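Per chain, numbering begins at 1; letters A, B, ... match sequence-line order. Note that the structure is predicted; figures quoted are calculated from it, not measured.
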There are 2 protein chains.
Amino acid sequence: MDKNITIKDVAKKAGVSVSTVSRAFNNYSDINAETREYILKIADELGYKPNIVAKSLSSNKNFRLGMLVEDYDLTGMLNPLVFQMLMAFKNTADKQGFETVLLSTSSDMQKTQNLKKLYTEKQLDGAFIMGLKLTDDYYKELSEFELPCVLYDIHINNPNVGCVGVDNIKGAFLAVEHLIKLGHKKIAMINGHKDAFVSFERLDGYLLALNRYGINIEQELVVNADFTDQGAAKTAEELIKKHNDITAIFCASDLMAIGAINALSNIGYSIPEDISIVGFDDLYLAQLSNPKLTTIKQDTTLIGESAANILINLISGQRIGRVVIQPELIVRESTAKSSV
Amino acid sequence: MDKNITIKDVAKKAGVSVSTVSRAFNNYSDINAETREYILKIADELGYKPNIVAKSLSSNKNFRLGMLVEDYDLTGMLNPLVFQMLMAFKNTADKQGFETVLLSTSSDMQKTQNLKKLYTEKQLDGAFIMGLKLTDDYYKELSEFELPCVLYDIHINNPNVGCVGVDNIKGAFLAVEHLIKLGHKKIAMINGHKDAFVSFERLDGYLLALNRYGINIEQELVVNADFTDQGAAKTAEELIKKHNDITAIFCASDLMAIGAINALSNIGYSIPEDISIVGFDDLYLAQLSNPKLTTIKQDTTLIGESAANILINLISGQRIGRVVIQPELIVRESTAKSSV
DNA sequence: CTGAAAGCGCTTACAG
DNA sequence: CTGAAAGCGCTTACAG
C-alpha cells in the first residue's frame with residue numbers, strides 16, 4: 001500500500017488548500033482555469049486518485065449502482081444475455097465515475113425483501129433490475145418507487161423508473177413476417193409464460209403480423225412452454241400431432257427454438273424442409289444448432305449501455321423514460337420457403 | 001432516505017458510548033456479554049445497519065473483493081461458466097461481510113495495466129481472477145504478487161496466491177478412459193491453445209489415459225483449435241480425412257465438441273455410431289446438442305464458493321494454496337461402443 | 001476565485 | 001470492561 005497519496009499531499013505540493021484541490025477535481029465552475037490545470041498536473045505527477053470511499057462518506061452520495069440479477073435458475077441459457085448486459089452496463093457506469101455492485105435476487109433481495117431497504121443497505125444511488133417477474137413481491141413496490149432505477153424488458157407506469165429493452169412487438173412481428181413472406185400460412189407460436197411481460201408483447205407482434213397479412217388467427221396455435229427447451233420440445237411435438245398442417249413455428253426464445261428443433265428432428269421432421277422455425281434473442285447458441293437458427297437479435301451491449309445512461313440521468317434528476325432498442329432479423333438456416 | 005440511523009443513535013438510546021457500540025458490532029472480546037446483547041437488541045429495534053463506507057474509511061480495510069473477468073470475447077460460450085462462478089463467489093463473500101465488485105480486463109485492467117494499481121484504485125482487499133492467459137502482461141506480476149488473490153484454472157509458484165479449479169488432468173483422464181472402455185483405440189484430441197494452462201493439463205490427462213491402457217500415442221492425433229467451435233469444426237474434418245480410422249475424439253471444451261459434431265454430421269458421419277465425441281465443461285449447451293453431449297462436468301458453484309473462501313482466508317492471513325475440485329463424467333448420447 | 005473549519009459514520013489507540 | 005478523542009480522505013457551506 002506504500003502510503004496512499006491523498007488530497008492533502010496534492011494540496012501541499014501545489015501550494016493550495018484542500019478545498020481548492022477538491023474543486024479542481026470535481027470540475028466546479030468557480031475555480032481559476034489555470035489553477036485547475038496546475039493542480040491536475042501536480043496530481044498526475046503524484047499519481048493521485050480520489051478515494052471514492054471518502055468521497056461518498058462526505059458527499060452523502062454513493063456513486064454506486066446495483067445490478068440486480070435473477071439467479072434462481074442460473075443454469076438457464078439466459079445467462080449469456082444477462083452477462084453481456086452486465087458487462088456493458090458496468091463499463092459505461094465506470095466511465096462516468098460510478099461503481100457497480102452485483103446483486104442477486106436469491107441472496108440480496110431475499111434478505112431485505114423490499115427494494116428501498118436494499119438501496120440503503122447497499123448504499124445504492126440506483127439499480128438496474130433484470131429478470132423481474134410480474135409475480136415478484138417487489139413488483140408492486142415499483143409502481144410507486146421514488147428512487148432511481150431501470151428495468152429490463154418490462155415497463156411500468158411510473159415516471160421515476162426507466163425501462164430498456166428491445167422492441168419485442170416489432171421483433172416478433174419481423175419473425176412472423178419473415179415466415180409469411182416465405183409463403184407460410186399455418187404458423188404456430190411457442191410462447192414463454194404469463195409471468196413475463198415479454199410474452200405478452202411477443203404475442204402481440206405475432207398477432208399483428210398475421211393480421212397485417214390477412215392470415216386467420218387460431219387460438220390453438222399459440223401455446224406456452226415456460227421458456228424452457230424441454231417445455232418447447234414437448235409442446236412442439238403435441239402441436240404438430242394435433243395440427244399436421246403447421247409449416248412454421250415462431251418461438252419466443254432461442255432456447256425454446258432449439259428444443260423444438262431437436263424434438264421435431266427426432267420424430268422425423270426435417271428442419272427447415274418440413275417445418276421452419278424462428279427463435280428470439282440470438283444467443284451464440286443460435287449459431288451452434290444444426291441447422292443454424294434464424295432468429296431475432298437483441299443488442300445486449302446497447303441495452304446495457306443505455307441502461308447505465310438512463311440510470312445516471314435519473315440520478316441527476318433527468319428523466320428519460322423508456323428506451324426501446326431495435327431488434328434485427330437474422331436469417332440463417334432454420335427457415336425456408338413453404339412447400340405447401 | 002429518511003435520515004439514516006447511525007452508531008450515534010444506537011449509543012444514545014443504549015446509554016453507552018459510540019466506542020462500545022462499535023465493539024459490540026465487531027465481536028470484540030473485551031466487552032461485557034450482557035452489554036453486547038443489550039446493544040444488539042437496541043440496534044435491531046432501531047433498524048441500525050453499520051455504514052460500510054464509513055467502516056472502510058476509518059478502519060483502512062475495504063471489505064471489498066474484486067472479480068476480474070476476461071471480457072474480450074464475450075460472445076464465447078464460456079460465459080455461462082464464468083457467470084455461475086461469479087454468482088457463487090459473490091453470494092459467499094456476502095455472507096462473510098465482503099462486498100464484491102465486477103472488474104473487466106478490457107476496461108479496468110487496461111487502464112491500470114498492473115494488478116497492484118488496480119487494487120489501490122478499486123480499494124480491493126483481494127481479487128478472484130478468471131480467464132488469465134499465460135501471455136497476459138500481468139501474468140508475470142503474479143509470481144511475486146504479495147496481495148491476496150485467487151486464480152481460476154491456473155496455478156503459479158507463489159504461496160501468496162490461491163488457486164481453484166477442477167482437476168483437469170483427472171477430468172481429461174476420465175473422458176479418455178471412458179472412450180477406451182467403450183473399445184476405442186484410435187482416439188484423437190482437439191485441444192485449446194497454448195496460452196491456456198488448462199490445455200496442458202487436459203493434454204496430460206489424455207496422454208496418461210492412453211498410457212495407462214497401453215495405447216500407442218500418436219502426435220498427429222492431437223491438434224489445437226483455439227477453444228472455438230469453428231476452429232474445432234475445421235480441425236475435426238481435417239483430422240478425419242487424414243486419419244480415417246479415428247473412432248473417437250476428446251475435445252477440451254463443450255463448445256469445440258459441438259463444433260466437431262456439427263462438422264462431422266454435415267459430411268455424413270453419424271455421431272456416435274461412426275465417431276464418439278466427448279466434451280469438457282458440461283455447459284447447459286451439452287444437453288441441447290443433438291445427440292446430447294457426453295462430457296466432463298465442472299462444479300462451478302463449488303468453484304466460486306471455494307474461491308471466495310480461500311480469498312477471505314488469505315486476507316486474514318491464512319494460506320490455503322490450491323483447491324482442486326473433482327470433475328465428473330457425465331455420459332449422454334455422443335459416445336458409444338466402438339464398431340471396429 | 002480561494003481558504004479554514006466542520007462534518008460524514010465509523011475505528012482504534014490511549015486512559016482509566 | 002468502558003469512554004473521550006483523534007483520525008480516515010474527502011465535501012461543502014461560510015467568509016472573504
Side-chain angles (χ1 to χ4, degrees), chain A residues 1-40 42-43 46-64 97-99 120-123 125 316, chain B residues 1-40 42-43 46-64 97-99 120-123 125 316:
Chain A
M1 293 285 171
D2 283 6
K3 163 135 176 29
N4 272 316
I5 294 124
T6 75
I7 198 172
K8 247 187 192 162
D9 303 317
V10 179
K12 188 186 279 178
K13 179 137 184 219
V16 296
S17 75
V18 162
S19 337
T20 305
V21 177
S22 174
R23 278 188 276 257
F25 262 85
N26 290 292
N27 252 320
Y28 282 3
S29 48
D30 58 346
I31 181 174
N32 181 299
E34 281 171 23
T35 321
R36 186 168 171 283
E37 285 305 307
Y38 182 64
I39 292 175
L40 258 29
I42 296 287
L46 253 36
Y48 167 72
K49 302 278 171 191
N51 180 328
I52 204 176
V53 168
K55 205 167 163 168
S56 24
L57 184 58
S58 61
S59 70
N60 203 20
K61 285 177 211 148
N62 301 298
F63 302 102
R64 188 208 296 262
F98 282 79
E99 282 201 317
T120 65
E121 245 173 66
K122 296 290 176 180
Q123 339 227 21
D125 291 324
S316 53
Chain B
M1 294 284 172
D2 283 7
K3 163 137 180 16
N4 272 317
I5 294 124
T6 75
I7 197 173
K8 245 186 192 164
D9 303 318
V10 179
K12 187 185 279 179
K13 179 137 185 218
V16 297
S17 75
V18 163
S19 337
T20 304
V21 177
S22 174
R23 278 189 275 259
F25 263 85
N26 289 292
N27 252 321
Y28 283 1
S29 48
D30 59 344
I31 181 174
N32 181 299
E34 281 171 23
T35 322
R36 186 169 172 283
E37 285 305 308
Y38 182 63
I39 292 175
L40 258 29
I42 296 288
L46 253 35
Y48 167 73
K49 302 277 170 191
N51 180 330
I52 202 175
V53 168
K55 205 167 164 168
S56 23
L57 185 59
S58 62
S59 69
N60 204 22
K61 286 178 211 146
N62 301 297
F63 304 102
R64 189 208 296 262
F98 282 79
E99 280 202 319
T120 64
E121 245 174 66
K122 296 290 176 180
Q123 339 228 21
D125 292 324
S316 54

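Contact annotation: A:S17 side-chain N/O to C:dT2 OP1/OP2 distance is not under 4.0 Å. For the OP1/OP2 pair of D:dC10 and a distance below 4.0 Å, the side-chain nitrogens and oxygens of A:S59 include no atom meeting the criterion. Put simply, A:N26 has a side-chain N or O that comes within less than 4.0 Å of OP1 or OP2 on D:dT11. Side-chain N/O atoms of A:T35 include one lying less than 4.0 angstrom from OP1 or OP2 on C:dT2. Under 4.0 angstrom from either OP1 or OP2 of D:dC8 there lies no side-chain N or O belonging to A:N51. Remark: A:S22 is in phosphate contact with D:dT11, judged by side-chain N or O atoms under 4.0 Å from OP1 or OP2.
The distance from atom CG of A:L57 to atom P of D:dC10 is 12 Å, rounded to the nearest whole Å. For the pair B:Y38 OH and D:dC1 C1', the interatomic distance rounds to 18 Å; values are reported in whole Å. Spacing between atom CG of A:N60 and atom P of C:dG9 amounts to 7 Å, rounded to whole angstrom units. To the nearest angstrom, C1' of C:dC1 lies 8 Å from CD1 of A:I31. Counting to the nearest Å, the C1' atom of D:dT2 and the CD1 atom of B:I39 are 10 Å from each other. If you measure from atom CZ of B:F63 to atom P of D:dC8, you get 18 Å, rounded to the nearest angstrom. Nucleotide C:dA6 holds its P atom 14 Å from the NZ atom of B:K8, rounded to whole Å. Taking atom CD1 of B:I7 as the reference point, atom P of C:dC10 lies 5 Å away to the nearest angstrom.
The side chain of A:S58 sits closest to D:dG9 out of D:dG9, C:dA4, D:dG3. The listed nucleotides are C:dC10, D:dC10, C:dT12; the one nearest the side chain of B:K61 is C:dT12. When the nucleotides D:dT11, C:dA13, D:dG9 are ranked by their closest atom to the side chain of A:V18, D:dT11 comes out on top.
Checked by atom type and distance alone, the side chain of A:N62 never pairs as donor or acceptor with a backbone atom of A:S56 at under 3.5 Å.
The two residues A:I52 and A:G97 have their closest heavy-atom pair at CD1-O, 4.4 Å. The shortest non-hydrogen separation linking B:F98 to B:D125 is CE2-OD2, 3.9 Å.
Closest-nucleotide positions on DNA chain D for A:P50 and B:A33 were compared, and the one nearer the 5' end corresponds to B:A33. Take the nearest nucleotide of DNA chain C for A:A54 and for A:V16: the residue whose nucleotide is more 5' is A:V16.
A distance of 5.0 Å separates CG of B:L46 from NZ of B:K13, quoted to the nearest 0.5 Å.
Using a 4.5 Å heavy-atom cutoff, the side chains of B:R64 and A:E99 are in contact.
Counting heavy atoms of neighbouring residues, nucleotides and ligands inside a 6.0 Å radius, atom NZ of A:K49 does not exceed 12 of them.
If you check every strand for non-hydrogen atoms under 4.0 Å, A:Y48 touches sugar and phosphate atoms only.
Using Watson-Crick or G-U wobble geometry with both donor-acceptor distances under 3.5 Å, D:dA13 finds no partner in any strand shown. Pair assignment for C:dA4 gives none, since no Watson-Crick or G-U wobble pairing has each distance under 3.5 Å.
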